[in-house]
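To start, the structure itself, in structure tokens.
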Amino acid sequence: MTSSADLLADLVADVDGVFLFAPTGSTYEDYREVDGESAVVVAPENDHDAERYVELPLEFDNVRDRIRFGVEGAMDQGYCAEGDVVACAVGVFDDPIDGVIRTSVTESMHSGIYDLFANSRADPAVVRDVFDVAIELGKKGQKGKPVGALFVVGDAGKVMNKSRPLSYNPFEKSHVHVGDPIVNVMLKEFSRLDGAFVISDSGKIVSAYRYLEPGAEGVDIPKGLGARHMAGGAITRDTNAIAIVLSESDGLVRAFKGGRLVLELDPEEY
Ligand SMILES: Nc1ncnc2c1ncn2[C@@H]1O[C@H](COP(=O)(O)OP(=O)(O)OP(=O)(O)O)[C@@H](O)[C@H]1O
Ligand SMILES: [Mn+2]
């Protein structure tokens, strides 16, 4: 007679590696080494000093994105390779771990999410801060009304050269970092969030109200997205910036890099 343990045993049979997503101390102690291999820990901090660790800069609510990010990061650091089969112990409904997902490491894993954070001009923490602002704005809007916004992050010099002011720049001569709490307050106060925010590699808001003028030919963004998204996609093809766009129409937050849509998040899930 088969037991429930057999179900799990089948799931993890002959895997090439085990990933622990944000494990508690006891879970980490129990599974730090499996079949002679150190587990890969994917978490916001390396609390357990894991030998093989991938930093998770954003708590992706979508488990697929979270696993993709972790596996991509592990590939990037040589902890796993194309063709491996891995078991990912992850918290799906609540912390800590309540599920094990078996997945193959394939090219399609390369969604570019890890690359967006880890290999962009801007610091990973700056990319995370901008996502936090965009998600917060997506959840709260301005005075309760849905609002759109376009953040161009990194390579600010080149971005400024490929754009022009739509109106005076409230950030001229100021030193506001996109992670400063005041930014959320300011964004709610601004009359409209027309144009783009230009943010430097280190997270300083260089300008607001910028009209981007990248070349757009050959940039393919999903149908139905308009000028804000086209500008966001195109500027990332013409510079080393990434763009994070909050859509006023559908409320989603999207990230573009190298002229491609890399990530789509629903602020309501955060
Ligand atoms: N080239 C550009 N540079 C900077 N901002 C732009 C550019 N084009 C459009 N925008 C901004 O995007 C706003 C919305 O334009 P539009 O509705 O065409 O974009 P969209 O992609 O459909 O965005 P949304 O999903 O938010 O409606 C404009 O009011 C403007 O503030
Ligand atoms: Mn629109």
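Quick caveat: nothing in here was measured; it's all calculated off a predicted structure. Remember, it's 1-based here, ligands and their atoms both numbered in the order they're listed. The first residue in the sequence is number 1, and the count goes up from there.
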Intermediate values then yes/no, ring pair (Phe, Tyr, Trp, His ring centres under 6.0 Å), Y209 and F197: CA-CA 6 Å; Y209 302 128; F197 288 90; 7.0 Å; no
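Defined by atom type and a distance below 3.5 Å, a donor-acceptor pair is missing between the side-chain atoms of D30 and T27. A donor atom on one side chain and an acceptor atom on the other are not found under 3.5 Å apart for S104 and T106.
Interface of G226 with ligand 1, defined as ligand atoms under 4.0 Å from a residue heavy atom, comprises 19 (O), 20 (P), 21 (O), 22 (O). Distances below 4.0 Å separate heavy atoms of S247 from the following atoms of ligand 1: 24 (P), 25 (O), 26 (O).
By the 3.5 Å distance cut-off applied to N or O atoms, L212 is counted among the residues near ligand 1. In terms of N/O distances under 3.5 Å, ligand 1 is not approached by L150.
Taking 4.0 Å as the cut-off between side-chain N and carboxylate O, E268 and K139 do not count as a salt-bridged pair.
Heavy-atom neighbours of E269 CD from other residues, nucleotides or ligands within 6.0 Å: above the threshold of 12.
Considering D250, I235, D194 only, the shortest heavy-atom separation from atom 28 (C) of ligand 1 involves D194.
Using modelled atom types, one side-chain atom of R210 and one backbone atom of S163 make a donor-acceptor pair closer than 3.5 Å.
For atom 17 (O) of ligand 1, the nearest protein heavy atom lies 4.0 Å or farther away.
Distances from ligand 1 to the non-hydrogen atoms of R210 include at least one value under 4.0 Å.
Looking at A231 against ligand 1, only its side chain comes within 4.0 Å, counting heavy atoms.
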